[in-house]
**Q** 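Below you will find the structure I want to go over with you.
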Amino acid sequence: MPLQTFFSQSSGHRVAVAGAWLAAMTLLAIAPASASAMDGVAAPGEPRLGADCAQTSGTRASFDRIAQELRSQGMALEATCQPGATGWTVKVRVVDGMRAARAVRGPLADGHEVDMGTPAGVAAAPAQAPSGLSPDVQYNREWLRSLMARHQFENLPRTWWLFAERGAFKAGASQVASR
């Protein structure tokens, strides 16, 4: 509708048209984008897996189940690895802070990672919960270990963020006990 025609209409008609336009723009802004539309970035709630990561036939299915569980809790999964790496770097991002608050603790701003005390992938991030970490961080790290264990992944020694499929990594008894 040309602008001149729009303004020559009754005020009730202008309000209706403006309301319909606003509703359409709002829906467009919140509609989930497909992964292809985002140039390789997964849609909210879909697992984002690194392209260079070695996957067994069950790896993708396991990550899909983890992503589904997280989606129901208002969170999203990101699992990446470096070529030749022994495990997956796992991050959990908040999509809906209100729902995420039922599962994890700490600051839960939409679009941010769940607070694990240190960034994932940082070599100095210890797997154990030293006394210097807040109770929320300790809880979140244990929650992540439990989530991944339910889906057949083991937390690798000395990191809170590195996981391998159960049985893919053979840690010594002393390494496992130190966690």
Side-chain angles (χ1 to χ4, degrees), residues 29-33 35 38-55 59-83 85-166 168-169 171 174-179:
I30 63 170
M38 296 178 67
D39 296 330
V41 177
E46 295 299 317
R48 184 175 149 225
L49 303 179
D52 294 330
C53 301
Q55 298 181 35
T59 304
R60 180 63 193 208
S62 294
F63 279 126
D64 285 343
R65 286 190 298 274
I66 294 167
Q68 183 177 7
E69 183 175 339
L70 289 174
R71 192 178 312 115
S72 73
Q73 298 173 347
M75 293 176 276
L77 171 71
E78 180 181 328
T80 58
C81 66
Q82 301 297 321
T86 58
W88 295 80
T89 299
V90 174
K91 299 177 188 179
V92 177
R93 189 166 304 281
V94 176
V95 176
D96 179 345
M98 297 300 284
R99 285 191 296 156
R102 296 182 205 140
V104 293
R105 299 180 182 165
L108 299 172
D110 292 359
H112 290 230
E113 291 178 19
V114 172
D115 184 14
M116 298 291 181
T118 58
V122 175
Q128 65 231 38
S131 59
L133 295 177
S134 75
D136 288 348
V137 167
Q138 293 175 36
Y139 178 90
N140 292 347
R141 287 183 180 191
E142 183 55 40
W143 167 84
L144 180 61
R145 277 191 291 276
S146 176
L147 168 74
M148 298 301 288
R150 280 195 306 275
H151 296 280
Q152 309 304 310
F153 286 89
E154 296 175 311
N155 186 210
L156 298 182
R158 294 184 292 278
T159 60
W160 65 261
W161 42 264
L162 193 60
F163 292 85
E165 288 182 275
R166 190 164 287 148
F169 180 80
S174 63
Q175 290 175 316
V176 173
S178 70
R179 279 194 272 155

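Heavy atoms only: backbone and side chains are in, while hydrogens, waters and symmetry mates are out. Owing to the predicted nature of the structure, the values given are computational and were not obtained by experimental measurement.
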**Q** Mind checking side-chain contact (heavy atoms from CB on, under 4.5 Å) for Glu113 and listing every partner two or more places apart, or none if nothing turns up?
**A** Lys91, Arg93
**Q** Are any of the side-chain heavy atoms of Trp88 and Thr59 separated by less than 4.5 Å?
**A** yes
**Q** Any side-chain heavy-atom pair from Asn155 and Met148 closer than 4.5 angstrom?
**A** no
**Q** Decide yes or no for Trp143 and Val92: does some side-chain heavy atom of the first lie under 4.5 Å from some side-chain heavy atom of the second?
**A** yes
**Q** Could you report the tightest heavy-atom contact between Gly87 and Leu156, atom names first, then the distance?
**A** CA-CD1, 4.1 Å
**Q** What is the distance from atom CG of Leu108 to atom CG of Asn140, rounded to the nearest 0.5 Å?
**A** 7.5 Å
**Q** Considering residues at least two apart in sequence or located in another chain, which fulfil the side chain to side chain donor-acceptor pair (under 3.5 Å) criterion with Arg65?
**A** Ser62
**Q** How long is the gap from CZ on Arg141 to CG on Asp115, to the nearest 0.5 Å?
**A** 9.0 Å
**Q** Apply side-chain hydrogen bond (donor to acceptor under 3.5 Å, both in side chains) to Trp161 and Thr118, showing your working.
**A** CA-CA 10 Å; Trp161 42 264; Thr118 58; 5.4 Å; no
**Q** Is any side-chain heavy atom of Leu70 closer than 4.5 Å to a side-chain heavy atom of Leu147?
**A** yes
**Q** Measure the spacing between CD of Glu154 and CD of Glu165 and express it to the nearest 0.5 Å.
**A** 10.0 Å
**Q** Which distance, rounded to the nearest 0.5 Å, do you find between the CG of Leu77 and the CD of Glu69?
**A** 11.0 Å
**Q** Is the backbone of Trp160 close enough, under 3.5 Å, to the side chain of Arg145 for a donor and an acceptor to pair up by distance?
**A** no
**Q** Are the side chains of His112 and Val94 in touch, meaning some heavy atoms are under 4.5 Å apart?
**A** no
**Q** Considering only heavy atoms from C-beta outward, does the side chain of Leu144 approach that of Val90 to under 4.5 Å?
**A** yes
**Q** For a 4.5 angstrom cut-off between non-hydrogen side-chain atoms, does Leu162 reach Thr89?
**A** yes
**Q** Mind checking what makes ring pair (Phe, Tyr, Trp, His ring centres under 6.0 Å) contact with Phe153, not counting sequence neighbours?
**A** Phe63
**Q** Please tabulate, for the side chains in residues 97-105, all donor-acceptor contacts under 3.5 angstrom to protein atoms that are two or more places apart in sequence or on a different chain.
**A**
unit_1 : atom_1 : unit_2 : atom_2 : d
Arg99  : NE     : Asp96  : OD2    : 3.1
Arg99  : NH1    : Arg71  : O      : 3.2

